[in-house]
There are 2 protein chains.
Amino acid sequence: MSVVSCTPSIGRPRAFDVDTALEKALDVFWRKGYDGTSLSDLTEAMGINKPSLYAAFGNKEQLFLKAIELYESRPCSFFLPALEKPTAYQVAEHMLYGAAMNMADQAHPQGCVVVQGALSCSEAAATVKEALLNRRVEGEQKLRARFEQAKLDGDLPASTDAETLARYLGTVLQGMAIQANNGATSEQLRQVAEMTLQAFPRAG
Amino acid sequence: MSVVSCTPSIGRPRAFDVDTALEKALDVFWRKGYDGTSLSDLTEAMGINKPSLYAAFGNKEQLFLKAIELYESRPCSFFLPALEKPTAYQVAEHMLYGAAMNMADQAHPQGCVVVQGALSCSEAAATVKEALLNRRVEGEQKLRARFEQAKLDGDLPASTDAETLARYLGTVLQGMAIQANNGATSEQLRQVAEMTLQAFPRAG
DNA sequence: AGATATCTGTACTTAGCGGTAAATAACCCC
DNA sequence: GGGGTTATTTACCGCTAAGTACAGATATCT
């Protein structure tokens with residue numbers, strides 16, 4: 001299923017692939033942030049003209065939001081798959097090592113576009129800033145719910161504060177995004193992940 | 001000592017206080033980031049006109065860099081004072097609790113301007129992005145040096161990897177900046193700090 | 001007081017921004 | 001092949017961006 005609308009069969013066909021163009025847009029937003037990205041940056045990277053961009057994606061804001069959707073649904077995404085692991089510890093483990101691998105991967109910009117796409121921004125970017133903020137908070141809520149379940153499953157002590165544990169993990173993951181921006185390698189991030197797991201409550 | 005140049009005695013005197021204006025500029029940059037801040041935002045907040053801004057601070061870029069200098073030299077800054085604590089554990093403790101207190105403080109924008117001022121940005125902001133990146137990396141190097149010293153002092157096990165420990169602490173601190181942006185309270189950040197310290201090697 | 005030096009306010013420049021109108025080109029269906 | 005529909009191209013819109021020229025205002029120095 002494509003993230004964007006499907007092409008109709010009548011009329012002149014698109015000369016570009018919508019999903020490929022969206023990938024390019026994501027790459028630019030990821031590197032430059034919402035405010036730092038101009039429409040010229042986008043059209044150049046996407047290989048299309050402005051009217052094509054507007055016809056296919058609405059406007060800059062909607063293009064950004066669609067790029068974020070794509071980002072989160074990509075096969076190399078690690079967050080949701082990690083939630084499926086059988087124990088809380090393994091969830092944390094896979095999430096941290098996945099982040100270490102992914103965020104410093106040279107195949108794409110470093111860090112996490114959900115963190116750095118519109119952290120501090122103009123009023124014009126208020127909508128996308130809030131959208132990203134919601135995604136971050138929702139991610140932590142999912143983590144928390146997963147840890148609550150783990151308490152019921154017995155693979156976390158009943159005394160565990162699931163909310164704080166989720167926030168701690170979220171903090172480290174978001175910090176790793178900054179570290180990747182700082183130029184940290186996957187191996188260096190892996191060591192941070194290892195250390196983080198030392199503060200993680202084991203099955204009890 | 002003022003962060004900016006001193007006023008000459010001859011000629012018409014300035015009608016505004018340079019340091020107060022710089023505080024206002026810092027506040028705007030902190031909330032909106034470098035790319036998200038316009039000169040109109042700045043002059044409005046600072047209560048001066050553009051020619052006065054340019055005469056006093058050079059240009060937008062130099063104004064930003066001076067605002068960062070001010071940010072780091074402010075009395076409520078917690079990083080450097082924490083480095084002076086007698087043991088590695090106390091250094092980490094003061095830094096984490098200081099960050100928890102400071103980053104969610106409602107008296108100023110949330111988070112840390114060194115983290116969020118120009119994380120992802122346009123090419124026009126490349127200089128300030130690099131300046132902030134250098135500050136983050138230098139901060140971690142100072143932490144690392146402090147932990148190396150702690151190993152000599154015997155308050156960290158000789159087997160400790162000071163570099164990784166510094167990076168772990170830096171990761172959590174930077175993550176806390178994002179958390180503060182997410183709306184986390186000082187109390188919530190304090191709990192994260194507490195948890196972080198559990199992974200911290202005790203005197204051995 | 002006059003000369004000199006600096007600051008202030010208004011008005012301006014140039015360039016780029018996000019977004020769009022209108023003409024043309026390429027496709028499907030009949 | 002013609003009509004209907006959609007995409008592409010080019011050129012443009014109004015607006016705001018960062019930065020500045022210049023004239024007038026206000027201080028010190030002699």
Side-chain angles (χ1 to χ4, degrees), chain A residues 2 4-22 24-25 28-29 32-67 117-118 121-129, chain B residues 2 4-22 24-25 28-29 32-67 118 121-128:
Chain A
S2 168
V4 294
S5 56
C6 54
T7 27
S9 54
I10 55 172
R12 177 174 176 172
R14 274 212 179 85
F16 64 95
D17 182 71
V18 172
D19 289 309
T20 306
L22 192 54
K24 296 290 187 184
V28 179
F29 281 131
K32 301 193 171 188
Y34 185 79
D35 276 334
T37 300
S38 72
L39 278 183
S40 307
D41 292 333
L42 291 166
T43 53
E44 191 184 349
M46 299 165 85
I48 62 177
N49 294 109
K50 276 190 279 186
S52 297
L53 188 156
Y54 278 84
F57 302 103
N59 61 14
K60 186 185 174 184
E61 182 177 302
Q62 290 171 43
L63 173 59
F64 182 87
L65 296 175
K66 281 168 183 157
C121 59
S122 66
E123 278 114 2
T127 301
V128 305
K129 172 181 174 172
Chain B
S2 167
V4 294
S5 58
C6 53
T7 27
S9 53
I10 55 173
R12 176 173 177 173
R14 272 212 180 85
F16 64 96
D17 181 72
V18 173
D19 289 309
T20 306
L22 192 53
K24 296 290 187 184
V28 179
F29 281 131
K32 302 192 169 188
Y34 184 79
D35 276 333
T37 299
S38 72
L39 277 185
S40 308
D41 293 332
L42 291 166
T43 54
E44 189 183 351
M46 299 164 87
I48 61 178
N49 292 107
K50 274 189 276 186
S52 297
L53 189 156
Y54 278 86
F57 302 103
N59 60 16
K60 185 185 173 185
E61 181 177 303
Q62 290 171 43
L63 173 60
F64 182 87
L65 296 176
K66 281 167 183 160
C121 60
S122 65
E123 278 115 2
T127 302
V128 305

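Sequence lines set the chain letters: A, B, ... in the order given, protein chains first and strands last, and positions in each chain run from 1. Remember, predicted model here, so these are calculated numbers, not experimental data.
The stretch residues 34-45 of chain A has no heavy atom under 4.0 Å from DNA chain D, so no residue of it qualifies as close.
Between B:Tyr54 atom OH and D:dT20 atom C1' the separation is 9 Å, expressed in whole Å. Between B:Phe64 atom CZ and D:dA18 atom C1' the separation is 17 Å, expressed in whole Å. Atom CD in B:Glu123 sits roughly 15 Å away from atom C1' in C:dC17 (whole-Å rounding). One interatomic measurement links the two molecules: CG of B:Leu53 to P of C:dT8, which rounds to 11 Å at whole-angstrom precision. Protein atom NZ of B:Lys50 is 11 Å distant from nucleotide atom C1' of C:dT13, rounded to whole Å. Between A:Arg14 atom CZ and D:dT5 atom C1' there is a gap of 13 Å when expressed in whole angstrom units. If you measure from atom CD1 of B:Ile48 to atom C1' of C:dT10, you get 16 Å, rounded to the nearest angstrom. Spacing between atom CZ of A:Phe16 and atom C1' of D:dT8 amounts to 10 Å, rounded to whole angstrom units.
A:Lys24 pairs by the salt bridge (charged side-chain N to carboxylate O under 4.0 Å, His left out) definition with nothing, not counting sequence neighbours. Under the salt bridge (charged side-chain N to carboxylate O under 4.0 Å, His left out) criterion, B:Glu44 pairs with no residue, sequence neighbours left out. Judged as a side-chain hydrogen bond (donor to acceptor under 3.5 Å, both in side chains), and not counting sequence neighbours, B:Ser40 has no contacts. Every residue two or more places apart in sequence or in another chain that forms a side-chain hydrogen bond (donor to acceptor under 3.5 Å, both in side chains) with A:Ser38 is listed here: A:Asp41. Residues satisfying the side-chain hydrogen bond (donor to acceptor under 3.5 Å, both in side chains) test with A:Asp17, not counting sequence neighbours, are A:Thr20.
Taking only side-chain nitrogens and oxygens, B:Ser52 never comes nearer than 4.0 Å to OP1 or OP2 of C:dC7. The side chain of B:Asn49 places an N or O atom within less than 4.0 Å of a non-bridging phosphate oxygen (OP1 or OP2) of C:dG9.
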Please table the atom pairs, donor to acceptor, closer than 3.5 Å between any side-chain atom in residues 53-64 of chain B and protein atoms at least two apart or in another chain.
{"from": "B:Asn59", "atom 1": "OD1", "to": "B:Glu61", "atom 2": "N", "distance (Å)": "3.2"}
{"from": "B:Asn59", "atom 1": "OD1", "to": "B:Gln62", "atom 2": "N", "distance (Å)": "2.9"}
{"from": "B:Lys60", "atom 1": "NZ", "to": "B:Tyr34", "atom 2": "O", "distance (Å)": "3.0"}
{"from": "B:Lys60", "atom 1": "NZ", "to": "B:Thr37", "atom 2": "O", "distance (Å)": "2.7"}

Identify each donor-acceptor pair in which a side-chain atom of residues 121-129 of chain A lies under 3.5 Å from a protein atom, sequence neighbours left out, and give them as a table.
{"from": "A:Ser122", "atom 1": "OG", "to": "A:Asp35", "atom 2": "OD1", "distance (Å)": "2.8"}
{"from": "A:Ser122", "atom 1": "OG", "to": "A:Asp35", "atom 2": "OD2", "distance (Å)": "3.4"}
{"from": "A:Ser122", "atom 1": "OG", "to": "A:Ala124", "atom 2": "N", "distance (Å)": "3.4"}
{"from": "A:Glu123", "atom 1": "OE1", "to": "B:Lys32", "atom 2": "NZ", "distance (Å)": "3.1"}
{"from": "A:Glu123", "atom 1": "OE2", "to": "B:Lys32", "atom 2": "NZ", "distance (Å)": "2.9"}

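Here B:Ala15 lies in heavy-atom contact (under 4.0 Å) with sugar-phosphate atoms only.
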(request) Summarise how protein sits on nucleotides 24-30 of chain D as a single string, 5' to 3': B when a protein heavy atom is under 4.0 Å from the base, S for sugar-phosphate-only contact, - for no contact. (result) BBBBSS-

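Within 3.5 Å, no donor on the side chain of A:Lys60 pairs with an acceptor on the base of C:dG18, nor the reverse.
Between atom CG of residue B:Leu39 and atom CG of residue B:Asn49 there is a gap of 12.0 Å, rounded to the nearest 0.5 Å.
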